**Q** 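Before I ask anything, here is the structure I am working with.
Note that the structure is a prediction, hence the values are computed from the model and not measured. We use all heavy atoms of the structure for the numbers below, so side chains are in, but hydrogens, waters and symmetry mates are not.
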Amino acid sequence: MLGYILQGRANKEIARELDIAEGTVKIHLAALFALFGVHNRTELATCAQRMRNGRDGSYREG
């Protein structure tokens with residue numbers, strides 16, 4: 001799901017792509033916000049992109 005956030009996808013688009021309810025996407029986003037210690041999608045995307053680029057070595061996605 002984090003990849004979709006980095007692509008700038010809306011909740012509705014993510015839900016359609018994953019064949020889940022939009023409410024489920026929101027639940028997962030809330031969990032990601034807590035995990036990354038952020039408060040919104042922009043902060044989440046910024047933090048994840050930094051990690052993806054290896055700036056802190058914590059997150060790398062293929």
**Q** How close do L6 and A45 get, counting heavy atoms only, and between which atoms?
**A**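 Of all heavy-atom pairs spanning L6 and A45, the closest is CD2-O, 3.4 Å.
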**Q** Could you walk me through whether V38 and L32 satisfy the side-chain contact (heavy atoms from CB on, under 4.5 Å) test, starting with their C-alpha distance in whole Å, then the side-chain angles of each, then the deciding distance to 0.1 Å, before giving a yes or no?
**A** CA-CA 8 Å; V38 297; L32 287 170; over 6 Å; no
**Q** Report yes or no: do I27 and L29 belong to one cluster of Ile/Leu/Val/Met/Phe/Trp/Tyr joined by side chain heavy-atom distances under 4.5 Å?
**A**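 They do not share one cluster, since no chain of ILVMFWY contacts under 4.5 Å joins I27 to L29.
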**Q** Rounded to the nearest 0.5 Å, what's the gap from CD1 on I5 to CZ on F36? Could you check?
**A**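 Spacing of CD1 (I5) from CZ (F36) equals 10.5 Å.
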**Q** Answer whether the closest heavy-atom distance between the side chains of T46 and Q49 falls below 4.5 Å.
**A**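 No - every pair of side-chain heavy atoms lies 4.5 Å or more apart.
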**Q** Roughly how far, to the nearest 0.5 Å, is CD of E17 from CZ of R9?
**A**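 Separation between the atoms: 5.5 Å.
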**Q** Taking all atoms of both residues into account, what is the closest heavy-atom pair of I20 and V25, and its distance?
**A**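 Closest heavy-atom pair between I20 and V25: CD1-CG2, 3.7 Å.
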**Q** Could you measure the distance from the NE2 atom of H28 to the CD1 atom of I14? Nearest 0.5 Å is fine.
**A**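 Reported value, rounded in 0.5 Å steps: 11.0 Å.
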**Q** Find out whether Y4 and L18 are in side-chain contact, i.e. whether some heavy atom of one side chain is under 4.5 Å from a heavy atom of the other.
**A**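 They are in side-chain contact.
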